Amino acid sequence: MDIAVKITLVASIVMVGYNLHQLVTSYEAICEKVKDFKMLAQQNDSDEGAVRRSNFLLTGVLSLLFVTLVYLSDFAYWIVGAVLAKMAVSILLSHIEISQIFREDAIRPSFFKLTKVDAAVNVLVGLGVAVIAVS
């Protein structure tokens with residue numbers, strides 16, 4: 001098994017675990033984390049723009065790294081494209097979430113449900129990549 005495939009397998013499992021955690025976290029727990037996050041951002045004099053830039057950099061780099069690993073693992077190009085599109089949607093949702101936190105001090109319940117769907121699809125993508133990687 002190629003080293004890229006092994007790293008992709010580990011990254012897929014990490015992605016599944018992180019998104020499973022997101023999937024089972026309750027709305028109330030998220031609202032509490034939002035309050036804590038907003039307080040920390042204010043204490044550090046971080047405005048919405050700075051937080052959005054750092055969030056975009058972090059999620060963008062991690063997503064691009066994952067897509068690159070899938071590519072280096074010799075997955076079919078259509079799978080690489082699908083993973084890239086899915087990661088782009090997750091980055092966009094993360095960006096919108098930061099905006100909501102700063103503008104509304106909360107996450108709307110409808111958006112919370114959308115992030116649950118995103119996390120569920122990410123779990124499926126991670127599992128799918130892992131299964132393909134080991135086969």
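On a predicted model such as this, the values are computed, not experimentally measured, just so you know.
Separating the CZ atom in R52 from the OG atom in S46 is a distance of 14.0 Å, to the nearest 0.5 Å. Note that OG of S110 is 8.0 Å distant from CG of L114, once rounded to the nearest 0.5 Å. Here the OG-CD1 distance, from S73 to I79, works out to 11.0 Å after rounding to the nearest 0.5 Å. M87 contributes atom CE, which lies 11.5 Å from atom CG of L65 (distance to the nearest 0.5 angstrom). T115 OG1 to Q22 CD: the interatomic distance, rounded to the nearest 0.5 Å, is 7.5 Å.
Side chains of V70 and F66 form a contact here, defined as non-hydrogen atoms less than 4.5 Å apart. At a threshold of 4.5 Å between non-hydrogen side-chain atoms, the residues V10 and K6 do not count as touching. In this structure, the side chains of I7 and I3 come closer than 4.5 Å at one or more pairs of heavy atoms.
Among residue pairs with one or both ends in residues 85-94, those qualifying as side-chain hydrogen bond (donor to acceptor under 3.5 Å, both in side chains) are N55-S94, K86-S90, K86-D118, K86-N122, S90-D118, S90-N122; sequence neighbours excluded. Residue pairs meeting the ring-ring contact (aromatic ring centres under 6.0 Å, His included) criterion with at least one partner in residues 113-135, sequence neighbours excluded, are absent. Screening residues 31-40 for salt bridge (Lys or Arg N to Asp or Glu O under 4.0 Å), with sequence neighbours left out, gives K38-D105. Annotation: ring-ring contact (aromatic ring centres under 6.0 Å, His included) contacts involving residues 22-53, sequence neighbours excluded, comprise Y27-F112.
Residues E48 and S99 bring a donor and an acceptor atom of their side chains to less than 3.5 Å of each other.
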- [ ] Applying side-chain contact (heavy atoms from CB on, under 4.5 Å), run through L93 and F111 and close with a yes or a no.
- [x] CA-CA 9 Å; L93 289 175; F111 187 77; 3.8 Å; yes
Task: Criterion side-chain contact (heavy atoms from CB on, under 4.5 Å) on V34 and I30, from CA distance to verdict - done: CA-CA 6 Å; V34 164; I30 291 293; 4.2 Å; yes
- [ ] List the steps, then state whether side-chain contact (heavy atoms from CB on, under 4.5 Å) holds for M15 with V125.
- [x] CA-CA 9 Å; M15 182 172 131; V125 167; 3.8 Å; yes
- [ ] Applying side-chain contact (heavy atoms from CB on, under 4.5 Å), run through V67 and Y71 and close with a yes or a no.
- [x] CA-CA 6 Å; V67 171; Y71 173 77; 5.5 Å; no
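Checked by atom type and distance alone, the side chain of D47 pairs as donor or acceptor with a backbone atom of A50 at under 3.5 Å. Side-chain atoms of T8 come within 3.5 Å of backbone N or O of L69 as a donor-acceptor pair. The backbone N or O of R108 sits nowhere less than 3.5 Å from a side-chain atom of K113 that would complete a donor-acceptor pair. Panel note: side chain D2, backbone A4; a donor-acceptor pair is recorded below 3.5 Å. For S63 (side chain) and G60 (main-chain N/O), no donor-acceptor pair under 3.5 Å exists by modelled atom type.
Y77 and L84 fall within a single hydrophobic cluster, where Ile, Leu, Val, Met, Phe, Trp and Tyr are joined by side-chain heavy atoms under 4.5 Å apart, directly or via other members. No path of Ile, Leu, Val, Met, Phe, Trp and Tyr side chains, each step under 4.5 Å between heavy atoms, connects I98 with L62, placing them in separate hydrophobic clusters. Linking ILVMFWY side-chain heavy atoms closer than 4.5 Å, directly or via other members, places I101 and L58 in two distinct hydrophobic clusters. Criterion: ILVMFWY side-chain heavy atoms under 4.5 Å apart, direct or through other members. Under it, V16 and V83 are not part of a common hydrophobic cluster. Taken together through direct or relayed side-chain contacts under 4.5 Å among Ile, Leu, Val, Met, Phe, Trp and Tyr, M39 and F102 form parts of separate hydrophobic clusters.
Every side-chain contact (heavy atoms from CB on, under 4.5 Å) that F56 has, sequence neighbours left out, goes to I91. Among residues two or more places apart in sequence or in another chain, the side-chain contact (heavy atoms from CB on, under 4.5 Å) test is passed with A120 by L23.
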